[in-house]
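Remarks on the structure that follows.
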Amino acid sequence: MSIKVEKISFKYDEENNYVLRNFSAEFHEGKITALVGPNGSGKTTLSRIIMGILKPNLGEIIIDEKNTKKFSLAEMGRQIGYVMQNPARQIFSTKVKEEIEYGLLNKGMAQAKIDERVAKYLAYFDLEKHEEDFPFTLSHGEKQRLVLAAVLAIEPKYLMLDEPTAALDYKRKEVLGNYLIKICQEKNCGIVLISHDREFVEKYADDVLKIRGGKNV
Amino acid sequence: MSIIEIKNLKFAYEENSSRYILNDVTFNIEKGEVTGIIGLSGCGKSTLCQIIAGIIPNCIFGEISGEVIVDSIDISEVALSELAQEVGFVMQDPDRQIITQTVEDELAFGAENLCVPPKEIRERVDSVMELLGISHMAEMDPSNLSGGEKQLVAIGSVLTMKPKIIILDEPFSHLDEEGKDLIRKTIDSLSKKGKTIIVVDHDYKTAGIFNKMLWLEEGKISEHKG
């Protein structure tokens, strides 16, 4: 089982050049696959296409043998947990703990189980003392940890992580890296890791795919 | 005389709170120094920079005490617009700072507000775009750029203002290796021209570029020579 990216081409509008050109890749379950490339090479654009936020001009995304062309955003969200590059773009609750609860409530989980899971992820990402805080008063690094906690708490089958370590200090990077390995091994989670953090990629990724100028390298 | 003097600085985001994010912080920074502010996430690095830039308490409120003198100005006695001529602040999140429709407009915006003559603004914008390797993006909409490209635009928009003090809050976080090298070299070159530079980071690996490092932990600061 995997996420297959098949010959994707994309441009933002008619006047501009293609950001992605015939790009193909496969992200397997139970593995951390890093997608690396210079700034502006199309990594984040590809993540948005896989998530269904952008529609490609050409090509297809196949998840577990199913073409996602007709999937709604909600369906895509059920398949893949998405941590965006900028955490402030995906936080909208008024309390830290409510941000983690939100995805679980939408999954229809029982309240007792939600409470248990929120407590687990608050502790794992060292956010317990902030549980009642308004998320926008957090530092950038704390916001990044909150978004990771909120998405990982859902325990999706696949994860799309766009620069998840950009605002994390060395201690928190290690906590995240160890957790990603754990969910790959124990839950067979497939992880797409978009990152410039060479050290993190070398330490935790199973495979590395390269992109440059929107093309496979 | 030091260009930045901070004495017994205390700050809490909530009034009458005992949760001081900065607790009796004292240090000086000399003109032309490159100072690294290092510490774990949430330790108060960005808060300290926002105070030096006057954003706290002018735009973000809280309980503040102590003395902050920037280029002989007591920042509690001047308007934010006046301090902006001395201190250029590149925020951690470039999306919070980019406001115009094209990259070149973004680079011109700060200088226009400082009433720099149009011809000189054009020269500054061209020279900074060349320095940062973003000339080919001049007419692009910044919102369509990648995170790393936005970070370079945000840095460029502060450089065109030519402030005496430049604060870069985690400037390397979204950059590839080439971009990181470029910013390190730019910092070095600005420092040689007498600019005072503060770089916030949570990584010791950038330590090589600093004359001095300030380590922040639980609201307290300790100093290490570079």
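Hydrogens, waters and symmetry mates are skipped; everything else that's a heavy atom, side chains included, is used. Order of the sequence lines sets the chain letters (A, B, ...), proteins ahead of strands, with each chain counted from 1.
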Side-chain donor-acceptor pairs of residues 166-173 of chain B under 3.5 Å, sequence neighbours excluded:
unit_1, atom_1, unit_2, atom_2, d
B:D169, OD1, B:S46, OG, 3.4
B:D169, OD2, B:S46, OG, 2.7
B:E170, OE1, B:H202, NE2, 3.0
B:E170, OE2, B:Q92, NE2, 3.4
B:S173, OG, B:Q151, NE2, 3.2
B:S173, OG, B:E170, O, 3.2

key: Side chain, backbone, both or neither of A:L138 within contact of chain B (heavy atoms, under 4.5 Å)   = neither
query = Listed by chain and number, what are the ring-ring contact (aromatic ring centres under 6.0 Å, His included) partners of A:F134, not counting sequence neighbours?
reply = A:F136
query = What residues, two or more places apart in sequence or in another chain, satisfy side-chain contact (heavy atoms from CB on, under 4.5 Å) together with A:D207?
reply = A:K31, A:T33
Do the charged groups of [X] and [Y] touch, with an N to O distance under 4.0 Å?
X: B:E104; Y: B:R122; result: yes
X: A:E199; Y: A:K173; result: no
X: B:D181; Y: B:R184; result: yes
X: A:K120; Y: A:E155; result: yes

ask   = Heavy-atom distance under 4.5 Å to chain A: side chain of B:K180, backbone, both or neither?
value = side chain
key: Part of B:L145 lying under 4.5 Å from any heavy atom of chain A   = neither
query = Taking atom NZ of B:K164 as the centre, does the number of heavy atoms from other residues, nucleotides or ligands within less than 6.0 Å exceed 12?
reply = no
ask   = When rounded to the nearest 0.5 angstrom, what is the spacing between CD1 in A:I49 and CG in A:L20?
value = 5.0 Å
For each of [options], tally heavy-atom pairs with chain B at distances under 4.5 Å, and name the one with the top tally.
options: A:R198, A:E163, A:H140, A:R172; answer: A:H140
options: A:T44, A:L168, A:T137; answer: A:L168
options: A:Q144, A:R145, A:K43; answer: A:R145

request  = Spell out the residues in residues 84-102 of chain A that have some non-hydrogen atom less than 4.5 Å away from a non-hydrogen atom of chain B, in order of number; otherwise answer 'none'.
outcome  = A:Q85, A:N86, A:A88, A:R89
